[in-house]
Amino acid sequence: MGSLAGNFVELFSSVQGEGPHVGASTLFVRLGVCDLRCRWCDSPHTWRAAETCRIQVSRGSSEFHEIANPLAVAAIVTAAETLELARHRFVSLTGGEPLLQPEVARALAEALRGRGPRIHLETHGLAHEALPHVVDRIDVVAMDWKLASDVRREGESFKDPSAGFHDEHEAFLRVARRAPEVFVKIVITASSGDDEVLEAARRIARVDPQILLVLQPVTPRGAVTERPGAARLLALAAAAEAILPGVRVIPQTHPIYGAP
Ligand code: SF4
């Protein structure tokens, strides 16, 4: 790990709010910078490199202290120990997009793995050139499959949904499945294209039909003011389940009770 330093946004203890490990105690390490612009993003403060990183003072506390970036990986590990690292089920490397700092993500995973928690990588699922440097240190890859109807790259306009991000996601998934566990999450909005979702399901089945697909109805915030209708969501889940055996509808839970 040496003196390697990265850009970090925050470090805090909570429980996982989404996906199949929902409710499990999780220490979140949020890295800075993202090259996408999702309509529903709940972390726009991570899009740019952060000047300071906020670190929870102790597990369960609402107090944080701020430390200037860049921050050494060793300092993050020390702070994680202060937050009772070993008593968590998972450490989540999240963002932003952690794979935009692949050396930092790898060093962190290396330093934290073997101390108790499983290493959970939350990623936008497009950095397929960076993933091979990191994937052998990861226990769970939680990969988004972005829909061109709702997501654009920084500085670009929305793509033709018929083209989408499918090729890049499929290439990413072929590497991600080297990890002991991988699942795919698609956020569904009122404007998401059903054809895009079903094309994603077909691509996932082509890589490995045992991979779990989570359909996550969007949590209204910011520019997103409505949820997808329940009838449409259930019909979409049924159509996806005709392609892939493992499909679940799981909304975000932490906004329900105000957890970070
Ligand atoms: S990939 Fe994540 S951090 Fe980046 S814009 Fe989308 S939701 Fe926000």
Side-chain angles (χ1 to χ4, degrees), residues 6-12 14 16-19 21-22 26 28-51 53-54 69 92-102 104-105 108 120-131 134 138 140-159 161 164-173 176 182-193 196-197 200 214-228 250-255 259-260:
N7 188 269
F8 295 92
V9 175
E10 56 189 353
L11 176 68
F12 62 97
S14 185
Q16 181 55 253
E18 55 186 53
H21 299 293
V22 67
T26 301
F28 289 89
V29 183
R30 192 181 301 285
L31 287 85
V33 186
C34 186
D35 55 353
L36 293 188
R37 298 293 180 262
C38 304
R39 287 193 208 278
W40 65 83
C41 183
D42 61 358
S43 319
H45 60 294
T46 67
W47 290 351
R48 309 258 175 247
E51 285 186 12
C53 173
R54 61 196 291 267
N69 274 307
S92 173
L93 306 183
T94 188
E97 173 47 55
L99 292 178
L100 295 181
Q101 302 180 69
V104 172
L108 261 179
H120 185 281
L121 174 69
E122 300 191 26
T123 171
H124 64 26
L126 291 166
H128 53 87
E129 290 169 1
L131 184 62
V134 183
I138 302 296
V140 183
V141 178
M143 169 192 165
D144 279 9
W145 197 291
K146 302 296 189 186
L147 305 183
S149 44
D150 288 320
V151 176
R152 62 180 178 83
R153 287 192 186 277
E154 180 188 13
E156 293 182 355
S157 53
F158 286 93
K159 282 172 123 179
F165 299 102
H166 297 307
D167 289 345
E168 291 160 275
H169 280 314
E170 188 174 338
F172 188 97
L173 187 56
V182 57
F183 67 89
V184 175
K185 178 189 83 189
I186 304 180
V187 176
I188 308 294
T189 72
S191 57
S192 299
E196 280 190 277
V197 177
V214 174
L215 301 182
Q216 180 176 294
V218 72
T219 304
R221 65 165 69 84
V224 175
T225 55
E226 57 177 326
R227 302 175 191 277
I250 308 177
Q252 284 185 318
T253 58
H254 51 295

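We number each residue from 1, following the sequence as shown. Each ligand, and each atom within it, is numbered from 1 in the order the structure gives.
The pair Arg153-Glu168 meets the salt-bridge criterion, with a side-chain N (NZ, NE, NH1 or NH2) lying under 4.0 Å from an Asp/Glu carboxylate O. Under a 4.0 Å N-O distance rule, the pair Glu154/Arg48 qualifies as a salt bridge.
Scanning the protein heavy atoms around atom 4 (Fe) of ligand 1, the nearest turns out to be Cys34 SG, 2.3 Å. The protein atom (non-hydrogen) at minimum distance from atom 8 (Fe) of ligand 1 is Cys41 SG, 2.3 Å.
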Please walk me through it: do Asp42 and Thr219 pass side-chain contact (heavy atoms from CB on, under 4.5 Å)?
-> CA-CA 9 Å; Asp42 61 358; Thr219 304; over 6 Å; no
Steps toward side-chain contact (heavy atoms from CB on, under 4.5 Å) verdict (Trp145, Val197) = CA-CA 9 Å; Trp145 197 291; Val197 177; over 6 Å; no
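Every atom of ligand 1 is numbered from 1 in the order shown, and the set under 4.0 Å from a heavy atom of Leu36 is 5 (S). Residue Trp47 approaches ligand 1 through these ligand atoms, each under 4.0 Å from one of its heavy atoms: 5 (S), 8 (Fe). Within ligand 1, counting atoms from 1 as listed, the ones closer than 4.0 Å to a heavy atom of Lys146 are 1 (S), 6 (Fe).
If you look at Glu97 next to ligand 1, there are no close heavy atoms at all, none under 4.0 Å.
Judged by a 6.0 Å distance limit and a 45° cone about the ring axis, Arg221 is not positioned over the six-membered ring of Trp40.
Between His21 atom NE2 and Ser92 atom OG the span is 11.0 Å, to the nearest 0.5 Å.
Heavy-atom separations between Gly96 and ligand 1 include at least one value shorter than 4.0 Å.
With a cut-off of 2.8 Å, atom 6 (Fe) of ligand 1 has an N, O or S atom of Cys38 in range.
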